[in-house]
Amino acid sequence: MFPKYDVIVVGAGHAGCEAAVGAANMGSKVLLITMNMNTIAQMSCNPAMGGVAKGQIVREVDALGGYSGIVTDYSMVQFRMLNMSKGPAMWSPRAQNDRMMFAAKWREMLEGHPNIDFWQETVPGLIIKNGVCKGVVTSLGLEIESESVVLTNGTFLNGLIHIGEKQFGGGRAGEKSATGITEQLISLGFESGRMKTGTPPRIDGRSLDYTKMEIQPGDEKPGKFSYTDTPVIQKQLPCHVTYTSEDVHETLKEGFDRSPMFNGRIQGLGPRYCPSIEDKINRFADKDRHQLFVEPEGWTTCEIYVNGFSSSLPEDVQYKALKKVPGFENMKMFRPGYAIEYDYFPPVQLNMNLETKLIKNLFFAGQINGTTGYEEAACQGLMAGINAHLAIRAQEPFILKRSQAYIGVLIDDLVNKGTNEPYRMFTSRAEYRILLRQDNADIRLTPLASELGMLGMEERLERVNAKIENAARIERYFDDTSVEPDLINGFLESISSAPLKQKVKAKSVLTRPNIDIADIRSNLPYVDEFLGQFDNETITIAEVAMKYDGYIRKEQEMVEKMDRLESVRLADRLDYHTLKSLSIEAREKLQKIRPRTIGQASRISGVSPSDISVLLVHVGR
């Protein structure tokens, strides 16, 4: 009934979709198995993509040939570039999306791929032979063979939904949970744990009074995520902001005795950085209000997502409290918020290519690894799909360094440090964030994807090379072009910047504090005319290179030092227990994680600089 596949992907959420694309674009024949073909790429929670650090990840996925950025551009209802008041390392694109358009576009793109087949069914088990994953067993008892398997089960593994004192099995509202895989993996020697996430109530937007809220429009000149020719949004929907109050908090507290969070029924740890409303009230008792973002679910629906009001309290308490929020006085609820507990597998059980250490050709991606968020899941899926393809061909794994991508930071953190709470990416997690900006993801990663042989990279690589050359032309122009004092002094004095006493190069004016390239363009028509031939992103690349040259060079020097440690390989079968000069904790951690390099070993929690010195002596350095 089925051919033998190169890669089977279990689960068609954000991780599963990107895993299928990653393997298929490398040339593998892929089978994508999902419990429900109608929920492929479902936005289970917030109908949005990107945000702080997450936007950088979406751009990196796009630069590597993934589809998340393309789908986001086709389905967005609003675009905002966050953190524009800060330095360029912090600029982060975010899109509000039409939930139904997003899923429909993903399915269209997947179905349009000749290397991807589909099957609708649950997968309760894996085919394991001599420590190698050889396929899956479905709930109908079908055995489907493959060379490798990528598990992207999301919140479905033994998923348990909580609403107040009610609890029932499910991987998402209205969908059943998945059983069998956890139990089989545990029998094979894997460690598992429980995590929790949640979602807010959905509201009828027709029943809200937006005049009592602050409007939050999109950017006047919206950007996009993909480096390909996707459309730029022409019309945008506004979001709104409102606030809870002490009265709202008191109403919510009435249900605390029935909250599964506080009465012990929820065992899993929830996301620290996206807590439920009851958790916020409990942890931040000094705050008398919390911000709520009122976000549309799409162009053609009145459904509203109340970002900031995630809750597992009884539905009557959620309803009563929300009615006291400004603008929600006549609110009608579509469905209450809920919490969901699910199984995950601590990611220290993975190699850096996301292959499990215990079972060859078995890969994990997404929430099964303890992460939270569509973007974190998507990038893991893409990397797992690429590496599944490479593994079955006995080719070197594709591993991104921390200095190359936020994706590299995320996977390095997971594998070397593990996580006991849902992991979320932040710019603060990246030590080289001035190098890992959202504007240069294609320059960093598209050449690597091209070297891998990823489908469709020829035209992308031409664009990248043109972008690099054009940015260099802009830099040369600013190095060579002089500015007369009388042309710019009026502007400089208006911003309390010292006037010029003689002609200087345009670069020296640009590199002053509080001056950007837009200021130069508006005051020097000949500069504006020259820059008019380039797109905004190329101009930004050149501007950042000139204004932050010292910081960029300093980070590159740090990268070069760390790369020297990354080049020192550690033996695969090294028995760390024999190295008595190592601390006991270091021996245990190194034996468990089995780092590939000294650099990787240095980032393992519990391995000290003196332990690294011992390892360097051991390998003859």
Side-chain angles (χ1 to χ4, degrees), residues 53 89 189-191 345-358 364 369-371 380 383 387 396-421 423-436 444 448 550-621:
F190 285 87
E191 294 175 26
F345 290 82
V348 292
Q349 300 170 97
L350 301 176
N351 293 311
M352 291 292 289
N353 64 348
L354 299 180
E355 182 182 30
T356 67
K357 292 173 180 173
L358 284 175
F364 291 173
N369 290 336
T371 58
Q380 290 174 72
M383 296 297 286
N387 278 308
E396 277 293 302
F398 180 53
I399 296 168
L400 291 170
K401 295 184 283 193
R402 297 179 73 92
S403 57
Q404 290 177 307
Y406 273 93
I407 298 172
V409 174
L410 181 144
I411 294 173
D412 190 81
D413 278 354
L414 291 176
V415 172
N416 292 321
K417 298 174 184 172
T419 186
N420 57 6
E421 61 183 38
Y423 178 101
R424 178 179 178 178
M425 180 51 72
F426 290 99
T427 51
S428 58
R429 295 191 191 271
E431 57 270 54
Y432 308 117
R433 54 186 173 272
I434 192 67
L435 302 180
L436 308 183
R444 289 184 276 121
L448 301 180
Y551 296 103
I552 291 170
R553 276 191 283 111
K554 187 175 178 182
E555 280 201 0
Q556 285 170 335
E557 287 168 12
M558 288 168 59
V559 169
E560 287 164 14
K561 285 179 185 175
M562 183 52 71
D563 279 350
R564 289 198 281 274
L565 290 180
E566 295 292 348
S567 66
V568 183
R569 294 291 298 263
L570 290 165
D572 291 338
R573 290 191 167 84
L574 176 58
D575 183 356
Y576 292 96
H577 291 304
T578 64
L579 302 181
K580 300 302 181 186
S581 299
L582 291 172
S583 68
I584 293 172
E585 183 181 4
R587 277 179 258 162
E588 289 173 354
K589 294 282 182 69
L590 292 165
Q591 193 71 24
K592 184 175 185 177
I593 294 172
R594 306 209 64 81
R596 289 163 54 90
T597 67
I598 294 283
Q600 185 185 347
S602 71
R603 296 188 295 276
I604 296 172
S605 174
V607 176
S608 69
S610 61
D611 293 319
I612 295 301
S613 297
V614 171
L615 290 176
L616 284 168
V617 169
H618 176 77
V619 297
R621 297 295 183 97

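Ring-plane geometry between Phe364 and Phe345 is classed as tilted, the angle between the planes lying from 30 to 60 degrees on a 0 to 90 degree scale.
Side-chain atoms of Lys592 do not come within 3.5 Å of backbone N or O of Val348 as any donor-acceptor pair. Checked by atom type and distance alone, the side chain of Arg402 never pairs as donor or acceptor with a backbone atom of Gly408 at under 3.5 Å. Counting only distance, with no hydrogens or angles, the side chain of Asn351 and the backbone of Asn353 share no donor-acceptor pair below 3.5 Å. For the pair Gln349 (side chain) and Leu358 (backbone), a donor-acceptor distance under 3.5 Å is absent. Distance alone, capped at 3.5 Å, places no donor-acceptor pair between the Arg587 side chain and the Tyr576 backbone. Between the side chain of Arg594 and the backbone N or O of Leu574, at least one donor-acceptor pair lies under 3.5 Å. Panel note: side chain Gln591, backbone Glu588; no donor-acceptor pair is recorded below 3.5 Å.
The pair Glu557-Arg553 does not meet the salt-bridge criterion, since no charged nitrogen lies less than 4.0 angstrom from a carboxylate oxygen. For the pair Arg596 and Asp572, the salt-bridge criterion is not met [side-chain N within less than 4.0 Å of a carboxylate O].
With a 6.0 Å cutoff to the six-membered ring centre and a 45° limit on the axis angle, Arg433 does not count as a cation-pi contact of Phe426.
Ser608 and Asp611 share a side-chain donor-acceptor pair at under 3.5 Å.
When all heavy atoms of Leu435 and Ile552 are compared, the closest pair comes out as CD2-CG2, 3.9 Å. Residues Leu350 and Lys357 come closest through the heavy atom pair O-CE, 3.1 Å.
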Next on the checklist: With side-chain contact (heavy atoms from CB on, under 4.5 Å) as the criterion, how do His618 and Leu579 come out once you've worked through the C-alpha distance, each side chain's angles and the decisive distance to 0.1 Å?
Outcome noted: CA-CA 9 Å; His618 176 77; Leu579 302 181; 3.5 Å; yes
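Counting only heavy atoms from C-beta outward, the side chains of Glu396 and Phe398 never approach each other to under 4.5 Å.
Summarising the geometry, atom CG belonging to Leu436 is positioned 10.5 Å from atom OG1 belonging to Thr427; distances are rounded to the nearest 0.5 Å.
For Asn369, the side chain to side chain donor-acceptor pair (under 3.5 Å) criterion is met by Gln380, not counting sequence neighbours. Legend: residues meeting side chain to side chain donor-acceptor pair (under 3.5 Å) with Arg603, ordered by chain and number and at least two apart, are Asp412, Glu566.
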